[in-house]
There are 2 protein chains.
Amino acid sequence: MVERVRAAATELGYSPDVIGRSLRMKKTFQVAFAVADIGNPVYVEMMAAIHEVLDPHGYRVVVMTTGDTPRSTADLVRSLSSGFVDALVVSPLRTDDELVRAIQDSPVPVVVIGRSLAAYGIDSVSTDSAGGIGSAVAHLLETGRRRIGFLNGPLDTTPGEARQRGFDDATAAAFDGDRADAEVAEDFTVAAGTAAARTLLARVPADGTRLDAIVAANDLLAIGAIRAVRELGLTVPGDVAVTGMDDTEFGQFFEPSITSVSLGSAQRGRVAAQIVLDLMDGAEPGAAQSLVGPSLRVRESTAAVEGTGGAR
Amino acid sequence: MVERVRAAATELGYSPDVIGRSLRMKKTFQVAFAVADIGNPVYVEMMAAIHEVLDPHGYRVVVMTTGDTPRSTADLVRSLSSGFVDALVVSPLRTDDELVRAIQDSPVPVVVIGRSLAAYGIDSVSTDSAGGIGSAVAHLLETGRRRIGFLNGPLDTTPGEARQRGFDDATAAAFDGDRADAEVAEDFTVAAGTAAARTLLARVPADGTRLDAIVAANDLLAIGAIRAVRELGLTVPGDVAVTGMDDTEFGQFFEPSITSVSLGSAQRGRVAAQIVLDLMDGAEPGAAQSLVGPSLRVRESTAAVEGTGGAR
DNA sequence: CCAGAAATCGGAAACGTTTCCAGTTGATCG
DNA sequence: CGATCAACTGGAAACGTTTCCGATTTCTGG
């Protein structure tokens, strides 16, 4: 009997109404993914990974944009109380008390991708971007570079802040912060990177040593840096080595291909999605704290220079 | 009184339950966007544009992946009958009768981005990618190129088929198809582009004229082509001019920056979203047929060569 | 001051599903 | 053959909202 009904159901093209079902079951089978800028390749990668994990479990992914203030992100988190999703994955650019409180008060599970909020009992997936910058610096020193410039994005963002700390720590450890110089670009774009890199390259330090390496806080800034280097008639990696961060397709296909620190965006997305599934399955909130380690992908833009060791 | 209630509502952080509301109003305030590969920059751009248009009207965007067969896309369209969205925007790689029928039978408005389905009474937003290829060919001829190769992706896809037709038409019109040669890459990627471009460049035509221009069916293939050209010790645009299609950020920042035919992905997304809004507002289905024209963005990769006119 | 109209208000139905319970049927064992 | 128990079946309640309708109150004009 039951199979005859099933047969008839498929025959007639009947599928149960999701809304009635949701109302009764108090479950929407939807998960929201919220970021400031859905065009950013890093977030696209995360979204694709989240979708990939959640889809087989019957969950749909709803895209939301947060705006770039913690305030608007908090508003969005509060709007979850209207009950259109079963959980939220959010990657905020900046975090403040209001946002933390909104997340803590959320009626549905929330997982944060970005900085660890373990201290507040919030499930989060973080990465060690500071350490990633450190590994880029180490790689440059190992391949014979002597004087390193840092091209960062805005310092009042979570990534900008962490990466700055990473650079300062790494250069302090290596040579007391000497032979290191930093410059902040307007934002994480190629154009801003070119502008800031020009400033960085124009500076002549006291001891007269020229920059022979630039660590950029993401791949777009790295491309900007390469442009600025070439404007001066210098070559990459011959005169100046350049590293990026995020390991985007962009950087892989650029010429020269760009040495980049992968922060495992797809992996972070997958992990966050898995935590969300566990949470909806009744796991203890605030218990999941995951760290996805950075890994350096060495490519052409930091090739050691024959003979001279890369310094001049 | 009503305002006191409103005040109390915000005070207590109350927001009406979306599900109950949807059940009663028979409206979910959600629109689905379905494509085969959400990682593709073109689709990302569309999605961002759709989101941008729909968000202010209170609609959420749900991401779906179709798989790349018309069959799985049709299944997805049929699944709309469960009523989780108010409308669908879909951009199928391939179209067949089953898909057309599924769309016609859909209980909610569907807008197709891709090939025009006006003949079937389906609202669609299309572009003239064939004409776009034509304008690339024309530009190359105007800047003195003499022998043109075409680097296409799979011919059994809607874009691949249209672009091939565009190239054949344009070269037939210009010189009876002489001095033109085509090669099909495995798919629309850099690696496949490099491989196919090698084959293309290796061919020595009867009259001995070497290729001095390559028209690629998208920007990734164009980058692949540039790699293959450089492998032979030739330069772009000096020896060989290269054009791409889609006008991605990728191509803009590549060196040389790539001349590309913009198909207005963002614009197509916006238009589709607007049609969806009209349809949900009671507009006549099947009436909206929009064409977003291609436009050539000339950049470094097709710069005319001084003196020689680019031919050798 | 009253009749009628307008505005306001409260209650009930409806949306489509799942879940629960009571009632019925069928089977098994004493 | 009868009693007990299991399995199955059908009906009703519940989920949270909006909408509709009738009833009550308020307002307006004669």
Side-chain angles (χ1 to χ4, degrees), chain A residues 1-32 54-62 64 75-88 102 105-110 276-277 279-282 285, chain B residues 1-32 54-62 64 75-88 102 105-110 276-277 279-282 285:
Chain A
M1 184 58 204
V2 62
E3 63 225 34
R4 275 180 54 203
V5 155
R6 272 194 218 293
T10 44
E11 178 94 19
L12 297 166
Y14 168 83
S15 47
D17 183 288
V18 169
I19 304 296
R21 166 173 244 259
S22 292
L23 183 61
R24 177 63 233 232
M25 298 181 73
K26 294 184 162 301
K27 195 146 174 43
T28 62
F29 289 95
Q30 295 193 146
V31 171
L54 259 29
D55 193 60
H57 288 82
Y59 287 93
R60 291 182 294 275
V61 175
V62 178
M64 320 223 55
D75 282 345
L76 184 139
V77 172
R78 279 188 285 262
S79 79
L80 297 180
S81 64
S82 64
F84 63 98
V85 287
D86 298 335
L88 168 72
D105 293 348
S106 165
V108 299
V110 175
V276 155
L277 285 175
L279 249 23
M280 292 190 300
D281 228 48
Chain B
M1 183 59 205
V2 62
E3 63 225 32
R4 276 180 54 202
V5 155
R6 272 193 217 293
T10 44
E11 178 95 17
L12 297 167
Y14 169 84
S15 47
D17 182 288
V18 169
I19 304 297
R21 167 172 241 259
S22 292
L23 184 60
R24 177 63 234 233
M25 297 181 75
K26 293 185 162 301
K27 195 145 174 43
T28 62
F29 289 95
Q30 296 193 146
V31 171
L54 259 29
D55 192 60
H57 288 83
Y59 287 93
R60 292 181 294 275
V61 174
V62 178
M64 321 223 56
D75 282 345
L76 184 139
V77 171
R78 279 190 284 263
S79 79
L80 296 180
S81 65
S82 63
F84 64 98
V85 287
D86 298 335
L88 167 73
D105 293 348
S106 165
V108 299
V110 175
V276 155
L277 285 175
L279 249 23
M280 292 190 300
D281 228 48

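Everything numeric here is computed off the predicted structure, so don't read it as measured data. Per chain, numbering begins at 1; letters A, B, ... match sequence-line order. These values consider heavy atoms only, across backbone and side chains, with no hydrogens, waters or symmetry-generated copies.
OP1 or OP2 of C/dT17 sits under 4.0 Å from a side-chain N or O of A/Tyr14. In terms of phosphate contacts, B/Lys27 brings no side-chain nitrogen or oxygen within less than 4.0 Å of OP1 or OP2 of C/dC15. Remark: B/Arg21 is not in phosphate contact with D/dG16, judged by side-chain N or O atoms under 4.0 Å from OP1 or OP2.
Listed nucleotides C/dG16, D/dG16, C/dT17 differ in distance to A/Lys26; the shortest reach to its side chain belongs to D/dG16. Taking every side-chain heavy atom of A/Met25 into account, C/dT18 is the closest of D/dG16, C/dT18, D/dT17. Distances from the side chain of B/Arg24 to the nucleotides C/dT17, D/dC15, C/dA13 place C/dA13 closest.
Between the CG atom of A/Asp86 and the C1' atom of D/dC15 there is a distance of 15 Å, given to the nearest Å. In this structure, the CG atom of A/Asp17 is 15 Å from the C1' atom of D/dG16, given to the nearest Å. For the pair A/Phe29 CZ and C/dG16 P, the interatomic distance rounds to 20 Å; values are reported in whole Å. Rounded to an integer number of Å, the gap from B/Ile19 CD1 to C/dT17 C1' is 12 Å.
A/Tyr59 is listed as a side-chain neighbour of A/Leu277, based on a closest heavy-atom distance under 4.5 Å. Considering only heavy atoms from C-beta on, B/Val110 comes within 4.5 Å of B/Leu80 through its side chain.
Interatomic distance, A/Lys27 NZ to A/Arg24 CZ, rounded to the nearest 0.5 Å: 15.0 Å.
The residue B/Leu23 sits close to a base: some heavy atom pair falls under 4.0 Å.
In terms of modelled atom types and a separation under 3.5 Å, the side chain of B/Asp86 and the main chain of B/Val31 share no donor-acceptor contact.
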